[in-house]
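Comments concern the structure below.
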Amino acid sequence: MTREFSKAYDPNKVESRWYETWQKNKIYKVSEKSDKKPYSILMPPPNITGILHFGHILNNTIQDLYIRWKRMTGFNVCWFPGIDHAGIATQTRIEQELKKENLTRYDIGREQFMERVWQWKELYGGIILKQMRLLGVSCDWDRTLFTMDETACNAVREVFIRLFDEGLIYKGKRIINWSPLSQTALSDEEVEFREVKEHLYTLKYYFENGTDYLKVATVRPETIFGDVAVAVNPNDERFKKLIGQKVIVPLADKIIPVIADDYADPTFGTGCVKITPAHDPNDFEVGKRHNLEMPNSMNPDATLNELSGEFNGLDRFKARKMILQKLEENELIEKIDDYTHNVGFSQRGGEPVEPYLSDQWFVDMKPLAEEALKVVLEEKIKFYPNHWVKTYQHWMTNIRDWCISRQLWWGHRIPVYYSPDGQFTAADSEDSARKKLNLPEGTPLKQDEDVVDTWFSSWLWPLTTMHWLGDGKSETNPVLEKFLPTDLMVTAPDIIFFWVARMIMATTKFKGQIPFKDVYFTSLIRDGSGRKLSKSLGNSPDPIEIINKYGSDAVRFTTIYLSPLGQDVKMDVDVKAQDIPSMEIGRNFANKIWNAGRFLLMNKDNIFHDDTTESNFKQTLTQSELSFTDKWILSKYNTTIRNIGNSLDNYKVNDYSKILFDFIWRDFCDWYVEVMKVQINNSANIEYKKKLISFAIDLYDKILILQHPIMPFITEEIWHLLDEDRTESQSISLLNYPVSDENIINITIEENFALLQSIVEEIRALRAGVNIPPKIAVEIIISCKDSITVEFIKSQTEMIQTLGKCSLKECDINLSKPNNSLSSIYRENEIFMILDSSIDLDKERLRLNKEIERLERNIGGSEKKISNPGFVAKAGDDIVNYEKEKLQSMKESLLKVKSNLESLVK
RNA sequence: GGGCACUUAGCUCAGUUGGUAGAGCGUUGCGUUUACAUCGCAAAUGUCGGGGGUUCGAAUCCCUCAGUGCCCACCA
């Protein structure tokens with residue numbers, strides 16, 4: 001062999017070479033000018049601080065699979081890649097670096113800080129996109145968008161202004177989720193609730209004049225310095241007469257009223273609740289209703305402030321301890337109970353979120369949600385799996401305003417300008433702000449210091465990737481016209497609200513179009529004990545290591561193979577060894593595919609060398625030269641193509657992988673190749689052999705195309721090896737995906753081949769049952785149920801003999817069982833295996849007895865069914881007839897097995 | 001508290017419109033036949049979570065109970 005075709009497949013020698021070649025030849029370059037039907041996908045942009053994890057692998061493999069498949073089925077595909085600036089994560093990263101130099105961002109100032117971030121972005125920000133290349137993703141990298149690119153910035157600004165002008169963005173003083181660690185507001189979606197075991201402290205709030213006190217329960221005694229009232233339920237008889245009286249806040253010497261509000265639940269705690277409007281959303285509402293003051297007793301870093309007297313400057317949790325101590329000393333604690341409740345934690349920082357009263361910007365979501373819900377309920381956008389629609393609907397109908405301002409520097413700065421006298425407006429420049437506010441030229445304006453939530457740029461992703469500017473002047477362009485709406489969005493379900501829902505809102509609102517037609521919610525990858533793979537849990541091996549170990553194709557295949565639509569995937573992770581052993585599925589499969597190709601080429605070479613005519617291999621078998629098995633594999637091949645199409649159309653990607661796995665391994669390798677060997681060995685006709693091998697290579701070529709979307713590298717490599725004329729600039733990924741030819745699918749042939757397979761398997765089972773070594777060719781006699789079967793089996797004598805390692809002595813109808821023989825029945829055909837006398841027959845008797853038991857059991861069930869008048873009357877004719885035939889067949893088999901057993905007893 | 005999903009062989013999961021169950025891994029036995037030991041051949045293992053209902057017939061449809069996972073809300 002002249003080619004490099006090692007015994008075992010080595011992905012490391014293949015994968016990176018091909019990726020470079022594809023890039024060099026720009027084969028995935030996209031033009032919006034193509035006449036082909038468009039097909040597009042938006043790549044969910046990974047964070048610039050991120051590194052590749054298994055979520056990305058699954059997600060991008062699915063996308064690449066569809067991109068490659070659609071590209072090969074005649075579409076002009078465009079996969080828009082990109083990367084997200086990830087406000088909080090990135091800023092935190094840079095601040096950590098500054099900390100090493102004993103600096104804070106305030107020391108170097110906003111401008112310099114931004115420079116640092118951009119420098120960092122240039123150095124490390126693209127790592128994850130480079131890692132994704134290892135996966136073989138076939139996107140057009142020239143179209144990569146960064147959410148802080150100028151066009152994206154413009155769009156964010158314009159959208160902000162537009163919503164502001166429509167009154168859909170407003171500024172408000174509200175209780176928001178405050179992250180003390182990042183010192184910024186968060187949206188509701190960025191808060192995770194976890195169950196925490198704490199204590200419920202019942203404190204004594206003494207009446208202003210008197211020795212009696214009110215019992216007030218709280219889990220957060222550190223917030224007492226923000227108390228402005230104690231609320232009781234107006235219908236609570238116990239406290240009715242106390243309403244309007246004054247009590248003293250413990251340790252604070254502050255006098256507050258007892259008020260009546262429905263919020264107080266008489267059945268909970270003591271029935272009295274302290275009202276701290278600046279530190280609890282419910283208390284805030286009570287405060288508003290009663291027009292109460294809203295003193296803030298905390299600093300942005302969650303230390304107590306000067307309101308808290310001697311506790312000023314203490315961290316909230318330390319303060320709690322100290323305050324409790326002091327309360328204890330002053331006998332102000334009535335009792336302490338264990339208490340388990342849910343506490344909100346910052347999703348990114350991991351620390352408990354502080355409900356915090358502050359001025360923030362909000363988007364009024366209700367007007368946007370209406371249309372966004374409609375397009376999903378009307379199935380203009382379809383969710384796969386469909387059950388996510390309910391989740392989506394629930395969120396959309398109970399939607400709350402989105403807090404979009406972040407007290408960060410890294411991000412899109414809020415385009416709002418303030419005049420010295422407190423007027424403000426949103427505008428794209430100071431000048432236009434002055435105009436909007438009717439201020440004289442030269443009036444100094446101050447821009448808002450805050451930036452918007454990262455997701456405020458992400459929600460425009462369908463538009464910004466396609467160069468939409470949002471300024472009303474360029475509402476469309478050739479890219480938008482071609483590729484919007486996109487066809488598929490592939491994403492994890494955990495960002496359905498963060499991202500999917502908001503993209504739908506933004507695109508319907510600003511463009512009047514849906515952003516995508518189908519949404520595929522991927523599985524979540526979990527470890528053996530069901531935990532989500534994550535860096536913080538330390539249960540996620542580095543995907544790069546796994547790819548290096550098993551190959552990208554193997555990782556792609558295994559991941560898809562194990563990921564059913566709509567269900568999470570458990571993988572046997574071995575973090576210590578940086579290993580995921582189940583990746584062997586894909587690696588072994590790749591090796592199998594490799595070796596099948598190797599087999600074909602070895603044969604091609606052998607036959608070529610034997611050939612004196614030197615004619616080429618372009619000639620293949622004619623229709624009349626096709627053998628039964630050739631026709632069978634063609635039928636199976638076309639069935640496979642049809643099934644693949646159905647699976648992919650319905651987003652059953654793991655079905656797709658299984659269909660190909662079974663077809664290539666079970667049908668093509670286990671059976672067709674084995675039969676092919678017989679066909680080659682049994683023919684002396686070199687022309688026939690050449691045609692046969694050409695036929696097989698031709699078929700294998702197409703099988704590789706079928707497999708290409710899920711295993712791009714190995715299929716490209718073998719496809720090139722199979723034909724030396726193929727040049728480097730040619731690619732299997734640009735070929736047409738085979739189309740199923742229904743006329744070639746032949747059920748009769750598939751059934752007959754199944755009979756052949758079963759007969760061979762019966763023979764193998766018989767000899768395995770008595771441990772006959774494979775070198776001994778046993779003698780077989782087959783007694784068939786009819787002459788058609790006799791004819792068929794005789795035509796397959798060579799196959800049966802070779803595959804069953806036997807010699808077929810006789811085949812006819814109604815042959816009787818020879819002495820010293822084993823027997824087996826398959827669909828009323830009896831197979832006898834002649835033994836050389838001395839073999840112990842006990843095992844065989846046991847086996848036959850078991851078979852009799854099984855048959856009798858099934859016959860019993862079947863008879864019961866048929867004798868049931870309801871069954872015969874109500875079941876369909878075909879089912880009743882089928883049942884009758886089955887019963888008849890089983891009965892005949894039973895007779896035969898019984899008589900075979902008797903012959904052994906003799 | 002509300003919602004969604006899941007419960008099938010030791011493990012991970014298939015099971016299309018209801019007709020008494022399949023695959024891969026693992027286990028056991030045999031095997032080195034010139035594609036492949038990252039392989040081949042064969043074998044064993046299941047009252048399809050419990051109970052009830054609809055039906056001639058339920059892993060499949062309905063109800064209920066139990067368990068697991070996730071999402072939403074979040075009473076001090």
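Here is how names work: the chains are called A, B, and so on, in the same order as the sequence lines, proteins then strands, and each is numbered from 1. These numbers come from a predicted model, not from an experiment.
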Check your understanding: Could you give the NZ-to-C1' distance, from A/Lys652 to B/rC13, as a whole number of Å?
Key -> 14 Å
**Study point:** Same-atom distance (C1') from B/rU54 to B/rG3, integer angstrom
**Key:** 27 Å
Point to revise | B/rG46 versus B/rG22 - spacing of their C1' atoms, nearest Å | key: 11 Å
Review point. Which is true for A/Ala873 with a 4.0 Å heavy-atom rule: it touches a base, it touches only sugar-phosphate, or it touches nothing?
Key: nothing
Review point. Of A/Leu562 and A/Pro281, whose closest RNA chain B nucleotide lies nearer the 5' terminus?
Key: A/Leu562
**Study point:** Nearest-Å distance once atom P is located in both B/rC25 and B/rC41
**Key:** 11 Å
Practice item. May I ask which nucleotide in the shown strands pairs with B/rG46, Watson-Crick or G-U wobble, both distances under 3.5 Å? Key: none
Exercise for review: Using both distances under 3.5 Å as the test, list the Watson-Crick or G-U wobble partner of B/rU60, or none.
Suggested key: none
Practice item. Look at the rings of A/Tyr651 and A/Tyr520 and say which category their plane angle falls in: under 30° parallel, 30 to 60° tilted, over 60° perpendicular. Key: perpendicular
Check your understanding: Reckon A/Asn868 touches a base, only the sugar-phosphate, or nothing at all at heavy-atom distances under 4.0 Å?
Key -> sugar-phosphate
Check your understanding: In whole angstrom, what separates A/Lys865's NZ from B/rG18's P?
Key -> 15 Å
Point to revise | Residue matched to B/rG67 through Watson-Crick or wobble contacts both under 3.5 angstrom | key: B/rC6
Review point. Quick check: are there more than 12 heavy atoms from other residues, nucleotides or ligands sitting under 6.0 Å from CG of A/Asp649?
Key: yes
Check your understanding: Using a cut-off of 4.0 Å on non-hydrogen atoms, how would the nucleic acid contact of A/Asn282 be classed: base, sugar-phosphate, or nothing?
Key -> sugar-phosphate
Check your understanding: Closest nucleotide of RNA chain B for A/Asp662 versus for A/Tyr339: which of these residues is on the 5' side?
Key -> A/Asp662
Practice item. Have a look at A/Arg400 and say if it touches a base, only the backbone sugar-phosphate, or nothing, with a 4.0 Å heavy-atom cut-off. Key: sugar-phosphate
Practice item. Can you tell me the distance, in whole Å, between the CZ atom of A/Arg220 and the P atom of B/rC75? Key: 12 Å
Exercise for review: For A/Gly804, report the nucleic acid contact type (base, sugar-phosphate, nothing); a contact means any heavy atom under 4.0 Å.
Suggested key: nothing
Practice item. Write down the distance between CG (A/Leu822) and P (B/rA42), rounded to a whole number of angstrom. Key: 16 Å
Review point. Please give, in whole Å, the distance from B/rA5 P to A/His394 NE2?
Key: 15 Å
Revision key, fill the gap. B/rG1 -> Watson-Crick or G-U wobble partner, both distances under 3.5 Å, gives B/rC72
Review point. Salt bridge between A/Arg502 and A/Glu189, side-chain N to carboxylate O under 4.0 Å?
Key: yes
Using atom names, set out every protein N or O paired with an N or O of nucleotides 30-41 of chain B below 3.5 Å, distance rounded to 0.1 Å.
unit_1 : atom_1 : unit_2   : atom_2 : d
B/rA35 : OP1    : A/Lys677 : NZ     : 3.2
B/rA35 : O3'    : A/Arg598 : NH1    : 3.2
B/rA35 : O2'    : A/Asn595 : OD1    : 2.4
B/rA35 : O2'    : A/Arg598 : NH1    : 2.7
B/rA35 : N7     : A/Lys677 : NZ     : 3.3
B/rA35 : N6     : A/Cys669 : O      : 3.2
B/rA35 : N6     : A/Glu674 : OE2    : 3.2
B/rA35 : N3     : A/Asn595 : O      : 3.1
B/rA35 : N3     : A/Ala596 : N      : 3.4
B/rC36 : O4'    : A/Asn595 : OD1    : 2.9
B/rC36 : O4'    : A/Asn595 : ND2    : 3.3
B/rC36 : O2'    : A/Asn591 : ND2    : 3.0
B/rC36 : O2     : A/Lys592 : NZ     : 2.9
B/rC36 : N3     : A/Lys592 : NZ     : 2.8
B/rU38 : O4'    : A/Arg587 : NH2    : 3.4
B/rU38 : O4'    : A/Asn588 : OD1    : 3.1
B/rU38 : O2'    : A/Asn591 : ND2    : 2.8
B/rU38 : O2     : A/Arg587 : O      : 3.4
B/rC39 : OP1    : A/Asn588 : ND2    : 3.1
B/rC39 : O3'    : A/Lys592 : NZ     : 3.2
B/rG40 : OP1    : A/Lys592 : NZ     : 3.3
B/rG40 : OP1    : A/Trp665 : NE1    : 2.4

Practice item. Can you label the angle between the A/Phe5 ring and the A/Trp594 ring as parallel, tilted or perpendicular, going by 30° and 60°? Key: tilted
Check your understanding: Do the side chain of A/Asn233 and the main chain of A/Ala264 share a donor and acceptor less than 3.5 angstrom apart?
Key -> yes
Practice item. Measure the distance from CD on A/Glu192 to P on B/rA73 and round it to the nearest whole Å. Key: 12 Å
Exercise for review: Would you please indicate yes or no on a ring centroid separation below 6.0 angstrom for A/Tyr339 and A/Tyr201?
Suggested key: no
Check your understanding: Is there a Watson-Crick or G-U wobble partner for B/rG31 with both distances under 3.5 Å, and which nucleotide is it?
Key -> B/rC39
Point to revise | C1'-based separation of B/rU55 from B/rU68 [nearest Å] | key: 31 Å
Practice item. Find the distance A/Tyr561:OH to B/rA23:C1' and express it as a whole number of Å. Key: 6 Å
Practice item. If B/rU55 has a Watson-Crick or G-U wobble mate with both distances under 3.5 Å, name it; if not, just say none. Key: none
**Study point:** Separation of the P atoms in B/rC63 and B/rA5, to the nearest angstrom
**Key:** 12 Å
**Study point:** Distance flag, aromatic centroids of A/His394 and A/Tyr392, threshold under 6.0 Å
**Key:** no
Check your understanding: Rounding to the closest angstrom, what is the interatomic distance between B/rU7 and B/rG15 at atom P?
Key -> 10 Å
Review point. Quick one: are the ring centres of A/Phe521 and A/Trp388 less than 6.0 Å apart?
Key: yes
Review point. A/Phe497 CZ to B/rG3 P: how many Å, rounded?
Key: 15 Å
Check your understanding: When you measure from the side chain of A/Lys390, which nucleotide among B/rA23, B/rC4, B/rC74 comes out closest?
Key -> B/rC4
Check your understanding: C1' atom, B/rA44 versus B/rU28: distance in rounded Å?
Key -> 8 Å
Practice item. Report the residues that fulfil salt bridge (Lys or Arg N to Asp or Glu O under 4.0 Å) with A/Glu798, sequence neighbours left out, ordered by chain and then residue number. Key: none
Exercise for review: In whole angstrom, give me the gap between the P atoms of B/rG40 and B/rC48.
Suggested key: 32 Å
